[in-house]
Amino acid sequence: MSFLLEADDLVRIYSGRSGLFGKAQPVRAVDGVSLRLAQGETLGIVGESGSGKSTLGRMLLGVDPAQGGSVCFDGQPMPATGSADWRGLRARMQMVHQDPLAALDRRLTIATQIREPLDIHKIGTEDTRAARVQDLMEAVGLRPDQADRYPHELSGGQRQRVVIARALASDPDMLVCDEPVSALDVSIQAQVVNLLRTLQQQTGLGMVFISHDLKVVRNLCDRVAVMYLGRIVEEGPSEELFANPRHPYTQALVSSVPEPGKRLDGRVILQGEPPNPAKRPSGCAFHPRCHMASDICRGVIPELHATGEGRTAACHLVTDATATQVA
Ligand code: SF4
Ligand code: MG
């Protein structure tokens, strides 16, 4: 099978800030991540803040260059960040961020901003560009009379529709969405998620959907990767992974999602502080918070390995044979 995107063993290290008494420790924000995205597929990336999701998202587009490992897009190695080849490729890979106001220029009308990628990548003629902007506005549910408005004249949900329209203007093959609805009112979130789903189905683009909201991810994504302190700790088809999480961290995440009528006994409580990337624990980085941790967990990093049914997990207790027994 050929993939739209193939990332292998990606590493990104930030030079950490030094504390009052300590030396600066390098922070491995992304630490050996490999993943695949097929055409037309939606891959969710979940995890708490500080898990490296956003950094990984930018690396998949080459916005943040990888310091180790490789990214292949449509069978070709990712060109160097900022090179002419990379800028040309950006028409085919677009990003939607959390904060639409920050992503938009408040001095430009929304029609001008949706049109921008067409001008940059020299797509179409004067006439076809104007028509394309109208089509895109309609596709994302904006009214024609809003074309000459400025970002501050729109609601948050409408602004995110503008950002999505602009991301789709160049007819990309891949869209990376980083928490695209978490800054929006809850009442608007479902509308924007449904819009993304519809557009994804219509265009057949591959989508990476980064979110800490498990409900949205379960609802939208074909496959899910769970990140903890820069590594993928579990990956698999969305429905199976959420119905039967195998890694203790995924189990804790899933059981913390409130659901009407869900019984509270048997819940795996996520204990301890959220992870600090500057202070990675030894062995399995999750061990200080894991209710299943034993000596081996403190000393040996568990590798991500196949656990059956197209799934992987990085936990000493989860093997193919015992996969369904860990609870
Ligand atoms: Fe918990 Fe050990 Fe598995 Fe890590 S390797 S998730 S500490 S049981
Ligand atoms: Mg983030």
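Every value quoted in this text rests on a predicted model; they were computed, and no experiment measured them. Counting convention: from 1, in listed order, for ligands and their atoms alike.
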| query | Relative to the ring of H247, is the ring of Y249 parallel (under 30°), tilted (30 to 60°) or perpendicular (over 60°)? | reply |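 Judged by the thresholds at 30° and 60°, the geometry between Y249 and H247 is perpendicular.
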At what distance is the nearest protein heavy atom to [atom], and which residue and atom is it?
atom: atom 5 (S) of ligand 1; result: H316 N, 3.3 Å
atom: atom 1 (Fe) of ligand 1; result: C290 SG, 2.3 Å
atom: atom 6 (S) of ligand 1; result: H247 CE1, 3.4 Å

| With a 4.0 Å cut-off, would you call E234 and R246 a salt bridge? |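 Salt bridge: no.
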| message | Between the side chains of R218 and D213, is the shortest nitrogen-to-carboxylate-oxygen separation below 4.0 Å, so that they form an ion pair? | response |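 No, no charged N to carboxylate O under 4.0 Å.
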| message | Between I188 and Q160, is there a side-chain heavy-atom distance shorter than 4.5 Å? | response |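 Side-chain contact under 4.5 Å: no.
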| request: Could you list the atoms of ligand 1 found under 4.0 angstrom from a heavy atom of C297? | output: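 Listed by number with element: 2 (Fe), 5 (S), 7 (S), 8 (S).
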| request: Please could you name the atoms of ligand 1 that L317 approaches to less than 4.0 Å, counting only its heavy atoms? | output: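 Near L317, the atoms of ligand 1 are 8 (S).
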| query | Looking only at heavy atoms, which two atoms of V300 and H316 are closest? And how far apart? | reply |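 Reported closest heavy-atom pair: O-NE2, 2.7 Å.
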| said: Taking N, O or S atoms only and a limit of 2.8 Å, check whether S49 reaches the Mg ion (ligand 2). | reply: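 No, S49 does not qualify, because none of its backbone or side-chain N, O or S atoms lies under 2.8 Å.
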| With a 4.0 Å heavy-atom cut-off (strictly under), which part of C315 contacts ligand 1: side chain, backbone, both or neither? |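 Both backbone and side chain of C315 come within 4.0 Å of ligand 1.
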| task | Could you tell me whether atom 4 (Fe) of ligand 1 has an N, O or S atom of C284 under 2.8 Å away? | result |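 Looking at C284, which is the residue asked about, there is an N, O or S atom under 2.8 Å from atom 4 (Fe) of ligand 1.
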| task | Step through the shown structure and confirm whether more than 12 heavy atoms of other residues, nucleotides or ligands are within 6.0 Å of CD on E138. | result |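 Not buried by this count: 12 neighbours or fewer within 6.0 Å.
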